[in-house]
Amino acid sequence: MEKNFDWFKEKTVYQIWPRSFCDGNGDGIGDIPGIISKLPYLHELGIELIWLSPVYKSPMDDMGYDIADYFTIDPLFGCNEDMYQLIREAREYNIEIMMDLVVNHTSDQHLWFQEACKSRHNPYRNYYIWHDPVDGKAPTDQRSFFLPSSWTYHEATGQYYYHAFSNRQPDLNWDNPKILEEVYKIMNFWLAKGVAGFRMDVIELIGKITLEAKFTSSKVHDLLQKIFRHTLEKREKTITVGETGGATVKDAILYSGKHNELDMVFGFEHLTVDEEAGKGKWAIKNLDFIKFKQILAQWQTGLYKKGWNSLYLSNHDQPRQVSRFIDPQHRVAGAKMLANTLHMLQGTPYVYQGEEIGMTNFNFTSPAQFKDIEMLNFYKEFITHPEWGKERVMTAINAKGRDNARTPMQWSSDIHGGFSTVNPWIEINPNYLQINVASDRASPDSIFNFYCHVIGLRK
Ligand code: ISL
Ligand code: CA
């Protein structure tokens, strides 16, 4: 068997964030049967690959990016049989599925962590990163992405554990070779069920050096090559995309150049053009379009014949692209311009649910509307900060908060936007009355029809 490294170069990917895509059983939460019911829609759009955000069993502290069992579908989304049915039925529309692989960390509810917490001598202790207190405090003062500290003290066993994200997302210890074995098992299980590959969450972090507070190191390349050899190498058509927020063009070539680590990565560089350099996502500034163009061009020329690009402007962590890049007066023309720009570049394009009808940010007025742990924690921490305060915090959240991208898909002008028959788990954007799939599809000059056109043209 010859491994095929070209098949995904001709496809357009659609990202589904399952909780907000389509509710099949009327409990207000999107689910797998809902996704199955929309396969004809995705086919009409020209989609041939789906990236499905996590659907595994999870306490949902970070909306599924905290996995408690890698082999079981969370009952909120359906059952394993539903997932297998989705894989089968998608194939009938020539659509392949990529699952989200979140293995930098697990949920605190995962059996491994539950065991690890029992004692310092538990066989699973070394699955996670533990450290004695230093001078009675955490070993380093590194921040987590969601909290002031990336270390949480575990009373019962007298040590700190490390978490790059919430304290309910303990990081796995990738210096322990057993973690590799576990990950091979997870990947091979789902590959055997027929998924085409994986989007690998924060994958560069598996090479981190926690005590030096370094998020990446060259270790990641060795780990990824091992993973490739034990899982993907022997299958003809697979696809992987690694989320690598810190990657430069040079890193992207290392990851994707030989396709023996990853097929492509999500770089973040082009999405930093509206933040103060080095100050993180909430430090917003006016968008620098020239820099944006330069970064896209650098990745295009830099990776040409040396690697492969992934092309995206939106996902479940980013604000809605029309709200970010386009003057509201020109929403429709602007959405088409962005689509045209992105889809005419070299690489594999990704469309995030709702982008194809130009869905917008929400406009939050109260923290009672927030569901995202990052928004909630940011609000709590900075509301009393002397340089921040409520107004500045709310402005930042409305510009960049992740729930902007997580409101229900706007299918029609029916009650609840056709997303569900009952109140959805998060408020729907009231503009669903004007912006929705049914009306966009019916109008020849719409954003939706432009996407159909541009995706078709690429093929
Ligand atoms: O969204 C971000 C900040 O706004 C990023 O820093 C984000 O946390 C980072 O891109 C990692 O994202 C991924 O891993 C997280 C999860 O919360 C995100 O949804 C996921 O895409 C932890 O698993
Ligand atoms: Ca449901």
Side-chain angles (χ1 to χ4, degrees), residues 15 17-37 51-56 58 60-67 73-79 82 100-107 143-147 150 163-172 198-206 208 215 241-247 265-269 271-272 274-275 279-284 312 314-319 324 350 352 371-378 396-397 399-406 408-409 416 419-425:
Q15 182 193 351
W17 199 72
R19 219 180 162 85
S20 292
F21 187 62
C22 180
D23 176 16
N25 67 348
D27 65 355
I29 299 173
D31 48 45
I32 296 174
I35 298 171
I36 295 174
S37 74
W51 153 24
L52 186 60
S53 275
V55 287
Y56 315 91
S58 163
M60 306 286 168
D61 186 52
D62 186 19
M63 298 302 169
Y65 283 89
D66 49 322
I67 298 174
I73 299 300
D74 195 279
L76 273 184
F77 299 130
C79 60
D82 292 326
D100 214 312
L101 188 73
V102 188
V103 289
N104 171 68
H105 46 268
T106 68
S107 158
R143 270 192 72 87
S144 110
F145 283 96
F146 298 157
L147 289 160
S150 58
H163 50 88
F165 295 90
S166 97
N167 55 354
R168 300 199 53 195
Q169 293 167 293
D171 277 45
L172 286 165
F198 303 92
R199 175 267 188 186
M200 299 189 184
D201 191 63
V202 289
I203 202 64
E204 64 196 342
L205 299 196
I206 68 173
K208 71 192 157 290
F215 273 129
V241 49
E243 190 201 23
T244 57
V265 298
F266 288 129
F268 283 27
E269 212 182 340
L271 296 180
T272 59
D274 55 2
E275 59 197 43
K279 290 199 186 156
K281 70 180 276 180
W282 302 116
I284 43 177
Y312 78 103
S314 291
N315 62 38
H316 65 294
D317 293 334
Q318 300 290 337
R324 188 175 197 173
Y350 290 72
Y352 178 64
K371 302 289 180 193
D372 170 28
I373 183 169
E374 184 187 45
M375 279 166 51
L376 285 161
N377 288 2
F378 168 65
I397 280 176
K400 299 292 278 296
R402 304 196 299 184
D403 279 343
N404 282 304
R406 299 178 177 189
M409 181 72 185
H416 311 306
F419 163 75
S420 177
T421 50
V422 301
N423 254 334
W425 68 280

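Counting starts at 1 for both ligands and their atoms, in listed order. In what follows, residues are counted from 1 in the order of the sequence shown.
- Taking the six-membered ring where tryptophan is involved, the planes of Phe165 and His105 are tilted, since the angle between them lies from 30° to 60°.
- Residues Phe21 and Phe77 keep their aromatic ring centres 6.0 Å or farther apart.
- The residues Arg402 and Glu374 are annotated as salt-bridged, a charged nitrogen and a carboxylate oxygen being separated by less than 4.0 angstrom.
- Using a 4.5 Å heavy-atom threshold, the side chains of Glu243 and Phe268 count as touching.
- Asp317 OD2, 2.5 Å is the protein heavy atom nearest to atom 21 (O) of ligand 1.
- Atoms of ligand 1 lying under 4.0 Å from any heavy atom of Phe268, numbered from 1 in the order shown and given with element: 10 (O).
- A distance of 12.0 Å separates CG of Leu172 from CG of Leu205, quoted to the nearest 0.5 Å.
- Regarding atom 2 (C) of ligand 1, its nearest protein heavy-atom neighbour is Glu374 OE2, 3.9 Å.
- For the residues Asp62, Ile203, Thr244, Ile67, the heavy atom positioned nearest atom 22 (C) of ligand 1 is part of Asp62.
- Taking atom 14 (O) of ligand 1 as the reference point, the nearest protein heavy-atom neighbour is Asp201 OD1, 2.9 Å.
- Here the CZ atom belonging to Arg168 is positioned 6.0 Å from the OG atom belonging to Ser107, to the nearest 0.5 angstrom.
- When each atom of ligand 1 is checked for a heavy atom of His316 under 4.0 Å away, the hits are 18 (C), 19 (O), 20 (C), 21 (O).
- Taking 4.5 Å as the limit, every side-chain heavy atom of Leu271 sits out of range of all side-chain heavy atoms of Lys281.
- The shortest heavy-atom distance from His105 to ligand 1 is under 4.0 Å.
- Against a heavy-atom cut-off of under 4.0 Å, Lys281 is close to the following atoms of ligand 1: 3 (C), 4 (O).
- Nearest protein neighbour of atom 8 (O) of ligand 1, counting heavy atoms only, is Phe165 CE2, 3.4 Å.
- Only the side chain of Arg402 comes within contact range of ligand 1, with a heavy atom under 4.0 Å; no backbone atom does.
- With ring centers used as reference points, Phe266 lies under 6.0 Å from Trp51.
- Counting heavy atoms under 4.0 Å from ligand 1, residue Phe146 touches it through the side chain alone.
- Within the 4.0 Å heavy-atom criterion, neither part of Gln318 lies near ligand 1.
- Here the CD-CG distance, from Gln169 to Asp62, works out to 4.0 Å after rounding to the nearest 0.5 Å.
- Taking the side chain as every heavy atom from C-beta outward, Tyr65 and His316 approach each other to under 4.5 Å.
- A salt bridge is absent between Arg19 and Asp74; no separation between the charged side-chain nitrogens and carboxylate oxygens falls under 4.0 Å.
- For the atom pair Asp31 CG and Cys22 SG, the distance stands at 7.0 Å (nearest 0.5 Å).
- Summarising the contacts of atom 12 (O) of ligand 1 with Gln169, His163, Met375, Glu243, the nearest heavy atom is found in Glu243.
- Remark: Asn377 CG to Leu147 CG distance equals 5.0 Å, nearest 0.5 Å.
- Using a 4.0 Å cut-off between charged nitrogen and carboxylate oxygen, Lys400 and Asp274 count as a salt-bridge pair.
- Scanning the protein for heavy atoms near atom 11 (C) of ligand 1, the closest one is Val202 CG1, 3.2 Å.
- Taking every non-hydrogen atom of Phe145 and a distance limit under 4.0 Å, the qualifying atoms of ligand 1 come out as 6 (O).
- Around the Ca ion (ligand 2), protein N, O or S atoms at less than 3.0 Å comprise Asp23 OD1, Asn25 OD1, Asp27 OD1, Ile29 O, Asp31 OD2.
- At a distance under 4.0 Å, no protein heavy atom can be found next to atom 5 (C) of ligand 1.
- For ligand 1, the atoms closer than 4.0 angstrom to any heavy atom of Arg406 are 19 (O).
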